[in-house]
Amino acid sequence: MTFEMKLEPGTVSIIQLAWSRLLGLDDGAMAGNRGRICREDNSVLTFISLFGQEALVGPAWAIDAAKGLTGVELSRQATLLALSRPYGGRGLGEAHLYFCDALPSFAEDGPPVSSEPELALALERLCPPDDVAEVGLSTLEHQCVLVDEATEPPLPLAGAGYDITEGILAQLGVLTAPDERRRGLGSYAAAVAVEESMASGLIPQWRARTDHPASQRTALRAGFVYAGTQTSVAL
């Protein structure tokens, strides 16, 4: 699959730089396709496939065991758990990575947007605990919440926010109240956060669990482009 054709070449280069630094590699390590790159680290086991370049970060025993495995196999949480089970491995998730470098378009009649922290907390109280824990909206550095101002107090409908990674990437999270889902509000909230992050010179990044198709669909509707996978196990 060719990913670079859907994002500007400069965007791809910056994403590769950010992930090289995140993985503790040389700045240019994730650029190009040089075969699988490996780095020893005893605290975590992580496999990344980004724009076709693979990287494996983990203990020496994991790097040795992975030599006979394909990238598709290593991208599966079950594979990393099997490798790390004798060492107390604990799954951190298997996800798709998406990025965006185009400003979003907005509906003219979108709901009002607030950055009040209390509304993010109110939205979390409406949502299932697993969704709240995955997104962590109220803990993100930057937040915005769509509200229904016809109620008193205003009712939170959906929210989005982001943390800044390596001073380059805006890692997005989106949360929608259960009663408001399937109305495009998550995509709208994401678009607001994307516009804000891009205005700050950041590249928006979306991490969607492989078992969460709704999150993947929202990413695509919000203009994000699939770029690879991330699978991690804590040791």
Stepwise side chain to side chain donor-acceptor pair (under 3.5 Å) check, Glu196 with Tyr162: CA-CA 10 Å; Glu196 179 184 323; Tyr162 61 91; 3.2 Å; yes
Backbone N/O of Leu7 and side chain of Asp101: donor-acceptor pair under 3.5 Å: no
Sidechain N-carboxylate O distance under 4.0 Å for Glu134, Arg209: yes
Geometric class of the Tyr87/Trp61 ring pair [parallel <30°, tilted 30-60°, perpendicular >60°]: parallel
Single-linkage hydrophobic cluster Leu175~Leu185, side-chain heavy atoms < 4.5 angstrom: no
Identified side chain to side chain contact (heavy atoms under 4.5 Å, CB included) partner of Gln230 from the options Leu22, Thr210, Leu97: Leu97
Rounded distance (nearest 0.5 Å) linking atom OG of Ser200 with atom CD1 of Ile164: 6.5 Å
Contact check, side chains of Ser197 and Pro204, non-hydrogen atoms, under 4.5 Å: yes
Crowding at CG, Asp26 (>12 non-hydrogen neighbours, <6.0 Å): no
SB check Asp131 Arg181 (cutoff 4.0 Å): yes
Non-hydrogen atoms of Ser187 and Arg221 that approach each other most closely: OG-NE, 3.4 Å
Taking every non-hydrogen atom, the tightest pair across Leu235 and Ser84: CD2-CB, 3.8 Å
pair Trp19-Leu169: side-chain heavy atoms closer than 4.5 Å: yes
Phe224 vs Thr218 side-chain heavy atoms within contact, under 4.5 Å: no
Heavy-atom closest contact (Ser20 atom, Met30 atom, distance): OG-N, 3.0 Å
Validation row: Val233, Leu92 side chains within 4.5 angstrom (heavy atoms): no
Spatial distance of atom CZ (Arg90) from atom CG (Leu45) [nearest 0.5 Å]: 13.0 Å
Quiz: residues 46-54 side-chain donor-acceptor pairs under 3.5 angstrom, not counting sequence neighbours:
| from | atom 1 | to | atom 2 | distance (Å) |
| --- | --- | --- | --- | --- |
| Thr46 | OG1 | Ser232 | OG | 3.1 |
| Gln53 | OE1 | Arg34 | N | 2.9 |
| Gln53 | NE2 | Gly35 | O | 2.5 |
| Glu54 | OE1 | Arg36 | NE | 3.0 |
| Glu54 | OE1 | Arg36 | NH2 | 3.3 |

Side-chain heavy atoms of Cys127 within contact of Pro178, under 4.5 Å: yes
Nearest atoms (heavy-atom pairs only) where Ser75 meets Thr231: O-OG1, 2.6 Å
For Gln171, all residues meeting side chain to side chain contact (heavy atoms under 4.5 Å, CB included), sequence neighbours excluded: Thr165, Gln205, Arg207
Derivation of the side-chain contact (heavy atoms from CB on, under 4.5 Å) call for Leu140 and His142: CA-CA 6 Å; Leu140 296 178; His142 303 268; over 6 Å; no
